[in-house]
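Note sheet for the following structure.
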Amino acid sequence: MPRPFRPVALEPLRRRSRRTAGLAVLALAAGLLAAVPAEAAAADQQRQRDFAAAAREFGVPENVLLGVSFLESRWDFNAGTPSTSAGYGPMHLTDLREAGTGTHHDEGEEDPRGDDARRAKLPATPAPKPPPPGLQTIDEAATLIGRDVATLRTDTTQNIRGGAALLAKYQRETGDWKAAVARYSGAKDAAGAQSFADEVFDTISKGVSRTTDDGQKVTLTATPTSPARVRTENPETENPKAENPKTECPRTVSCLSVPAPYQELPDNDYGNHDKADRPKSQRVEYIIIHDTEGYWDTAMDLVTDPTYVSWHYTIRSSDGQIAQHVPTKDVAWHAGNWYVNAKSVGIEHEGFAAKGTWYTEAMYRTSAKLVGHLARKYDIPLDRAHILGHDNVPGTLPSTIKGMHWDPGPYWDWAHYFDLMGAPLSGFGRPGSPLVTITPDFATNQPAFTGCETAGKPCPVRGSGSVVLRSEPTDSAPLLKDVGLRPDGSASTMAVSDIGSRAETGQRYVVAERRDGWTAIWYLGQKGWFRDQRTTSPAFGLVVTPKPGLATVPVFGRAYPEAEAYPANVPVQQVVPLPYTFAAGQRYSLGNLLGSEYYSATTFDPANHVVVKGRTKYVQIQFGHRIAFVKADDVRILPAA
């Protein structure tokens, strides 16, 4: 039976401090510490000292303070920028006035139902709602410690003091530390509060140590904790984390049911998803990671609007609360590529790809648990050929490439995300392997992107999982060209939304050349160069190249059947090549072997829905930043080595 959790004893700490000070005086008298004054303590331990000092000052157990901060920010400063839910600093103190509200993106690349003959224009996105006033915590924290709000946004010491003061206040009001932690989450519902508190106390029981994004070494020593429930003022149910029969989530997370409507609309229309019978009718191949480009309440409004689009799940930033909207057996309209929609589950994460550009640990953790659960359920490999960002989904036709989305953006930490799923991306290839996995150090890899706030203006300097590619092995060389995004042939840019010359963490590419500390990979038919300073890990696997005698092979954005496979009552969907060149001599990493399928679902009555399966076989490749498909008859599949 685990020992019950007890707050850190404050008085014994003070006694130890006096004893330590006494020993230091004796040592100084002996000449042992004369050259090491007290202020010479390691600079990279300052944040650890700040947590200890704030815990003593406000009477908060130090491990509770550390645990809450870790679940919010992993103790990072994030260059003083707000999180995707407007939180600042290690304690994630929220300031909506400074962070702003953002806007949700439309899903307008392709008719959601995938019928080339009808491209319905979706309604305009409603104005976004800000987070509820209860999440504005920075004002109260500033008042409690007698500092101004601007200081709490930018000074990590005062930010930690403010968070400690809030926790102490919540504990006085609830009489329980776990309830205080639950309230700190900002969750409006008992289930979300319970889930956040459970994650914090689980972290306390296991312990954690890491170096922050600004070089601070922080340790939370493992402390056994009790599984006591959170006391809430208005609990939704007797057991708020009991399994919800209306949702498909792991038992260890809180999962709400917020259904997306399947509803008939005027003019023989309907919304906002399609009934299906997966995986019986079609295999689920992908999980697509999105961000909402808006706050939680806006996302809930949109997904419950029958005239809008849909996705399967949304995850809240502040506490990791999950809401399920569409059963995973059904097809949601989320990826802008009907082939991918029909074979994927879509998960939206509260936040922004550029404005407010760090995602909370609470959200990463529950998302990782959900994805791991779904991957096991549908036998989906945990790799970057199957767990895709929306930015990795290809355009279906040359005309749709420009409109494809680029979320969750270059500041989503794929390496940390896969670590949480127990599937590290570093790879196991031999040194010098011709196949590599992109694995930059997220904290120190800081590309100079522009346009996060204003077009052309530099973004704040922050860590990223993106690696920028150049056309020659020099820092001054132009970026690569993406003729789908820029048909005029101009080079890509450093705009944060421009993915035309950018590789992402976890993606695998074939090495084309190595020269003087630079590595080139095959990318959209070109050699993309980057400085290989711990940017990649060797990998093993299979690669794809044109069959002998073929100068080039066509590349596609969807794996649709041949015309002969369609029954008479289903319009043939054209298989149109994308405007890229896959030439002899080039090689790309194999991601999947696929049959050809088209899900015809253009009417409200599911009885009319048909899965068309053809004889044509396709091979999925990592072609650029996005995946692509080539016909199996056009290529050879070879070992990388």
Side-chain angles (χ1 to χ4, degrees), residues 2-8 47-48 50-52 54-55 60-78 83 85 87 89-93 159-160 163-164 166-167 170-171 176-187 191-213 216-230 241 250-254 315-322 358-372 413 415-422 424 442-443:
R3 289 178 292 171
F5 168 73
R6 288 186 287 272
V8 174
R47 191 149 308 152
Q48 186 88 57
D50 287 343
F51 279 115
V60 180
E62 186 176 341
N63 48 8
V64 170
L65 186 61
L66 284 164
V68 169
S69 178
F70 186 83
L71 255 292
E72 295 284 20
S73 68
R74 299 178 76 210
W75 306 319
D76 286 339
F77 177 49
N78 290 292
S83 77
S85 53
M91 295 305 299
H92 196 257
L93 299 176
N159 185 277
I160 292 169
L166 277 178
L167 276 170
Y170 297 160
Q171 192 276 337
D176 181 85
W177 280 112
K178 200 166 188 182
V181 170
R183 183 180 292 185
Y184 195 97
S185 72
Q194 172 83 50
S195 185
F196 179 83
D198 284 349
E199 284 289 347
V200 168
F201 280 78
D202 182 61
T203 302
I204 292 171
S205 69
K206 294 176 180 176
V208 65
S209 182
R210 71 180 294 265
T211 300
T212 68
D213 61 348
Q216 292 290 304
K217 296 179 179 179
V218 184
T219 296
L220 168 57
T221 302
T223 308
T225 65
S226 71
R229 283 189 53 227
V230 178
K241 281 189 68 179
R251 292 177 178 270
T252 54
V253 302
S254 170
I315 303 181
R316 191 161 59 202
S317 175
S318 60
D319 56 1
Q321 174 68 62
I322 300 172
W358 56 279
Y359 298 88
T360 66
E361 180 68 3
M363 187 162 65
Y364 275 127
R365 288 198 170 204
T366 55
S367 181
K369 289 180 179 180
L370 176 61
V371 170
D413 193 344
H416 178 54
Y417 193 47
F418 272 76
D419 284 347
L420 290 172
M421 289 187 279
F442 185 87

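Since this is a predicted model, take the numbers as computed values, not measurements.
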For Met91, is there any backbone N or O sitting under 3.5 Å from a side-chain donor or acceptor partner on Tyr184? yes
Nearest 0.5 Å, please: how far is CD in Gln194 from CD in Gln321? 11.5 Å
Centroid-to-centroid, His416 to Tyr364, below 6.0 Å? yes
Is there a side-chain contact between Asp50 and Gln216 in this structure, where contact means two heavy atoms from C-beta onward sitting under 4.5 Å apart? no
With distance as the sole test, does Asp213 use its side chain to make a donor-acceptor pair with the main-chain N or O of Phe77 at under 3.5 Å? yes
Contact summary for Gln48 and Thr219, nearest pair of heavy atoms: OE1-N, 2.6 Å
Minimum heavy-atom separation for Ala187 and Arg316, please, with both atom names. CB-NH2, 3.8 Å
Determine, stepwise, if the pair Trp177 / Val60 fulfils side-chain contact (heavy atoms from CB on, under 4.5 Å). CA-CA 9 Å; Trp177 280 112; Val60 180; 3.8 Å; yes
Tell me whether Thr366 contacts the main-chain N or O of Ala362 through its side chain, where contact means a donor paired with an acceptor under 3.5 Å. yes
Tyr359 OH to Arg74 CZ distance, which is reported to the nearest 0.5 Å: 15.0 Å
Heavy-atom side-chain contact between Thr252 and Asp198 under 4.5 Å: no
For Ser69, is there any backbone N or O sitting under 3.5 Å from a side-chain donor or acceptor partner on Ser73? yes
Does the side chain of His92 come under 3.5 Å of the side chain of Thr360 through a donor N or O and an acceptor N or O? no
Whether the side chain of Asp76 engages the backbone of Asn78 through a donor-acceptor N/O pair (distance < 3.5 Å, no angle test) should be reported. no
About how many Å separate CG of Leu370 and CD1 of Ile315, when rounded to the nearest 0.5 Å? 5.5 Å
What pair of heavy atoms forms the shortest contact from Ala222 to Ser205, and how long is it? CB-O, 3.4 Å
Give the intermediate values and the outcome of side chain to side chain donor-acceptor pair (under 3.5 Å) for residues Ser195 and Ser254. CA-CA 6 Å; Ser195 185; Ser254 170; 5.4 Å; no
Value rounded to 0.5 Å, distance of CZ in Phe51 from CG in Asn63: 12.0 Å
Nearest heavy-atom neighbours spanning Ser185 and Asp319: CB-CB, 3.8 Å
A side-chain contact here means heavy atoms from C-beta on lying under 4.5 Å apart; do Arg365 and Leu71 qualify? yes
Measure the CG-CG distance between Leu166 and Leu65 for me, rounded to the nearest 0.5 Å. 11.0 Å
Are Ile204 and Leu220 packed together at the side-chain level, in the sense that at least one heavy-atom pair is separated by less than 4.5 angstrom? yes
Here the pair of heavy atoms bringing Glu361 nearest to Phe70 is CB-O, 3.2 Å
Closest approach of Arg47 to Trp75 (non-hydrogen atoms, all atoms of both residues): NH1-O, 2.9 Å
